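Predicted model, so just to flag it, every value in this text is computed and none were measured. In what follows, chains carry the letters A, B, and so on, assigned in the order in which the sequence lines appear, proteins first and then strands, with residues in each chain numbered from 1.
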There are 2 protein chains.
Amino acid sequence: MATIYDIAKKAGVSVATVSRVLNGVDHPVREETRKKIIDAAKELGYRPNKIAKSLAHRRTYTVALLIPSITNNFYTEIAEVIEQKLGEKGYSTYLCNTQRMIEKETQYVDDLIARRVDGVIFSPTRVKPEDNLVNARNLEELRKNGIAVVAFGSHFSNVSQVYINTYEGALEATRYLLELGHRRIGFIDGLEAGTRKSRRRGYMDALRMAGIEIDANLIVSGNLEMDGGYECVRKLMQIEEPPTAIIAVNNLMAVGALKGAKDMGIDVPGELSIIGFDDSKLSEVVEPPLTVVKQPLKEIGDVAVGLLMEQIEGESMPRMVELKTQLIIRVSCTRKR
Amino acid sequence: MATIYDIAKKAGVSVATVSRVLNGVDHPVREETRKKIIDAAKELGYRPNKIAKSLAHRRTYTVALLIPSITNNFYTEIAEVIEQKLGEKGYSTYLCNTQRMIEKETQYVDDLIARRVDGVIFSPTRVKPEDNLVNARNLEELRKNGIAVVAFGSHFSNVSQVYINTYEGALEATRYLLELGHRRIGFIDGLEAGTRKSRRRGYMDALRMAGIEIDANLIVSGNLEMDGGYECVRKLMQIEEPPTAIIAVNNLMAVGALKGAKDMGIDVPGELSIIGFDDSKLSEVVEPPLTVVKQPLKEIGDVAVGLLMEQIEGESMPRMVELKTQLIIRVSCTRKR
DNA sequence: ATAATACAAGTAACCGATTACCTCTGTGCA
DNA sequence: TGCACAGAGGTAATCGGTTACTTGTATTAT
């Protein structure tokens with residue numbers, strides 16, 4: 001494969017001149033020389049070597065997207081904008097999918113440091129509560145090695161992040177159900193919940209403010225996949241006084257819950273109202289279409305890239321951007337009878 | 001950031017020795033020296049620089065996944081295994097999502113060559129028939145620059161590929177509908193179809209073998225997204241003698257078709273049977289759950305990585321592996337009344 | 001006792017770029 | 001005429017590793 005030395009020889013100039021011409025550096029070069037170089041490069045089928053460039057520049061123009069799942073549409077939708085925006089700015093994206101395995105997150109972080117990525121967009125993998133510590137350590141490791149980071153989907157200190165106010169989202173969803181007359185509202189939470197338990201807090205606060213006591217039996221946890229929702233709804237519907245409405249903290253569990261209810265012969269929304277989190281094709285297409293708390297996925301990706309660029313190219317300090325959710329009302333909820 | 005020179009100085013040895021110890025090269029080193037080096041590395045918080053390694057080794061241990069869509073579960077499911085398998089072998093994965101824009105495919109190829117990826121797993125972006133030429137040129141460009149390639153989802157000569165026999169899949173699906181007594185079977189094809197039009201050929205051959213003449217009015221094309229299926233079903237159901245069954249060539253269009261039919265007040269499967277391609281959560285969860293021609297996604301990813309490694313690490317010639325589809329019978333098809 | 005060999009390390013070229021600094025030539029102005 | 005300066009280009013160090021080849025010493029065989 002041709003190098004700039006080959007071009008230099010062919011054009012009868014030095015490599016410095018070749019580099020200048022090929023990179024449009026601000027240094028005078030005679031038009032004639034320029035042409036010779038361009039021609040030589042073309043004839044040799046020259047392909048710049050970004051590895052060598054990276055080494056010299058100490059910049060790789062690569063960013064990693066480090067997420068817990070890539071089969072969940074929530075991440076996929078965000079990934080699409082992120083990859084696109086980064087591409088527009090000349091960055092390539094490493095896909096790092098932990099599959100919710102915390103050890104993989106740490107492995108990735110090690111490798112990404114070795115690969116000298118310029119930045120990482122990070123949504124923590126958290127299955128057990130202790131994983132939070134690992135997440136924080138990983139984040140710190142990245143920062144210590146001079147890598148820009150922006151997080152989403154959880155809270156960390158001293159890191160840029162796009163924060164989606166799911167507390168309010170859950171609050172709004174719960175209030176909506178209350179307005180429909182529901183009093184026994186089930187809550188399908190994620191794996192031991194995040195650090196802040198925002199959604200759960202929103203749910204509980206809405207109930208409290210309405211003067212309804214929290215019933216621990218109405219709160220169960222699932223694995224964030226469809227089967228998790230499926231199991232949870234069975235549990236919830238078998239307690240003494242089952243709920244007449246249910247909120248699930250993510251898209252897949254909401255659909256799983258719907259399926260579970262149907263399989264138990266429960267009519268949705270007739271006998272049971274369901275609200276999910278995260279909008280997607282799934283929620284629309286299911287029968288009945290799900291009312292959901294939508295998170296602004298495109299915007300999350302957009303903002304994440306923006307915050308990252310601020311750090312990489314602008315050297316600015318970490319900061320947080322807050323985004324709001326939106327309640328999309330479809331037909332999976334109805335007035336309590 | 002510490003380099004091997006720093007370690008060498010601290011441990012009082014040469015960089016060669018440091019490199020040997022750190023990489024476990026087969027060269028004798030005294031245990032005492034080894035320890036000094038390991039300790040120095042640890043104290044300095046040494047992080048190997050894979051960029052420098054890549055330059056020296058002329059191997060980057062990176063592979064690109066170049067696909068038309070990342071929001072479609074079909075690709076996502078394949079991507080998950082690919083990224084995982086590659087990771088196990090020490091390769092990082094670049095995500096290259098063309099969003100079905102052919103110019104992006106070419107841009108990616110250029111960049112990937114510059115980044116000196118070791119390999120590319122490639123599913124062509126093809127919207128217009130001419131795109132085929134661009135795909136082929138891109139593939140050729142990669143090969144010319146010494147990059148290993150494996151393709152899937154379309155046919156190319158002289159490239160390793162995993163070939164899914166969708167011809168037989170479509171044949172089987174069509175026969176299944178014929179057995180159920182359907183004679184007017186609609187076909188929702190993709191964008192101008194692929195090079196080989198395997199699915200369409202399977203559909204047509206099955207009809208012909210059953211002595212049924214092909215009716216061009218029964219064949220329409222969609223954009224591979226849900227709205228495409230939605231529109232197509234409307235078209236099909238408005239011709240003089242509408243079909244009693246429909247086959248759609250991908251997952252999203254099948255679901256779109258189902259939705260379209262419902263919105264037209266058509267009962268599925270009562271008045272219209274539907275078969276989709278590609279299995280996914282969507283197909284299961286929809287009402288009624290869709291009968292589909294399933295492609296073996298995990299296996300596709302598995303084989304793709306295998307074929308790629310053969311080339312990168314084994315220097316073997318391109319070859320093709322054929323995989324079969326499987327008809328998953330659910331409840332969206334019924335005997336013609 | 002000496003040559004041959006194994007062991008343990010070091011030297012320096014190389015991977016393919018970038019770029020600070022230097023050199024040479026020609027022009028303009030005092 | 002002499003000098004400053006702009007224009008055009010070159011030299012070589014650098015980025016952070018790898019590795020072929022060399023060197024010096026200790027051990028073994030003869």
D/dA6 P sits how many Å from A/D26 CG, rounded? 14 Å
Do NZ/NE/NH1/NH2 and the carboxylate oxygens of A/K128 and A/D131 come within less than 4.0 Å? yes
Opening and closing nucleotides of DNA chain C in contact with chain A, under 4.0 Å to non-hydrogen atoms: C/dG16 to C/dC21
Taking 4.0 angstrom as the limit, do A/R319 and A/E310 come out as a salt bridge? yes
Carboxylate-amine/guanidinium proximity below 4.0 Å for B/D39 and B/K35: yes
Hey, are the side chains of A/R100 and A/R126 touching, using non-hydrogen atoms and a 4.5 Å cut-off? no
Any residue meeting side-chain hydrogen bond (donor to acceptor under 3.5 Å, both in side chains) with B/T93, in chain and number order, not counting sequence neighbours: none
Taking the side chain as C-beta and beyond, is there a heavy-atom pair between B/Y91 and B/L308 under 4.5 Å? no
Compare side-chain N and O positions of B/K53 against OP1 and OP2 of D/dT18 and report whether any pair is under 4.0 Å apart. yes
Dump the pairs, protein N or O against N or O of nucleotides 8-11 of chain D, anything under 3.5 Å, distances to one decimal.
| from | atom 1 | to | atom 2 | distance (Å) |
| --- | --- | --- | --- | --- |
| D/dG9 | OP1 | A/R30 | NE | 3.4 |
| D/dG9 | OP1 | A/R30 | NH2 | 3.1 |
| D/dG9 | OP1 | A/T33 | OG1 | 2.4 |
| D/dG9 | OP2 | A/R30 | N | 2.7 |
| D/dG9 | N7 | A/H27 | NE2 | 2.7 |
| D/dG10 | OP1 | A/S14 | N | 3.4 |
| D/dG10 | OP2 | A/S14 | N | 2.7 |
| D/dG10 | OP2 | A/S14 | OG | 2.9 |
| D/dG10 | OP2 | A/T17 | OG1 | 2.7 |
| D/dG10 | N7 | A/R20 | NH1 | 3.4 |
| D/dG10 | O6 | A/R20 | NH2 | 2.4 |

Atom pair distance, as rounded to whole Å: CZ in B/R58 and P in D/dT19: 12 Å
Please work out if B/R47 contacts a base, only the sugar-phosphate, or nothing of the nucleic acid, heavy-atom cut-off 4.0 Å. sugar-phosphate
Applying side-chain contact (heavy atoms from CB on, under 4.5 Å), can you list everything that pairs with A/D111, at least two apart in sequence or on another chain? A/R115, B/K50, B/S92
D/dG16 P sits how many Å from B/L22 CG, rounded? 15 Å
Test applied, side chain to side chain contact (heavy atoms under 4.5 Å, CB included); reference residue, B/V109; option that passes from B/L139, B/V134, B/N138, B/N145: B/N138
Using the test salt bridge (Lys or Arg N to Asp or Glu O under 4.0 Å), find all partners of A/E103 that sit at least two apart in sequence or belong to another chain. none
Rounded to the Å, how far apart are B/I4 CD1 and D/dT14 P? 16 Å
For B/S19 and D/dT18, is the shortest distance between a side-chain N/O and OP1 or OP2 below 4.0 Å? yes
Five-pair end axes of the helix from C/dA1-D/dT30 to C/dA30-D/dT1 and the angle they enclose, rounded to 10°: 60°
Output yes when B/K144 and B/E141 qualify as a salt bridge under the 4.0 Å nitrogen-oxygen rule, no when they do not. yes
Return the value, rounded to whole Å, for the distance between atom OH of B/Y5 and atom P of D/dT14. 11 Å
Take the protein atom CG of A/N49 and the nucleotide atom P of D/dC15, then report the distance between them rounded to whole Å. 18 Å
A/Y94 and B/Y94 aromatic ring geometry - parallel, tilted or perpendicular at 30°/60° bounds: parallel
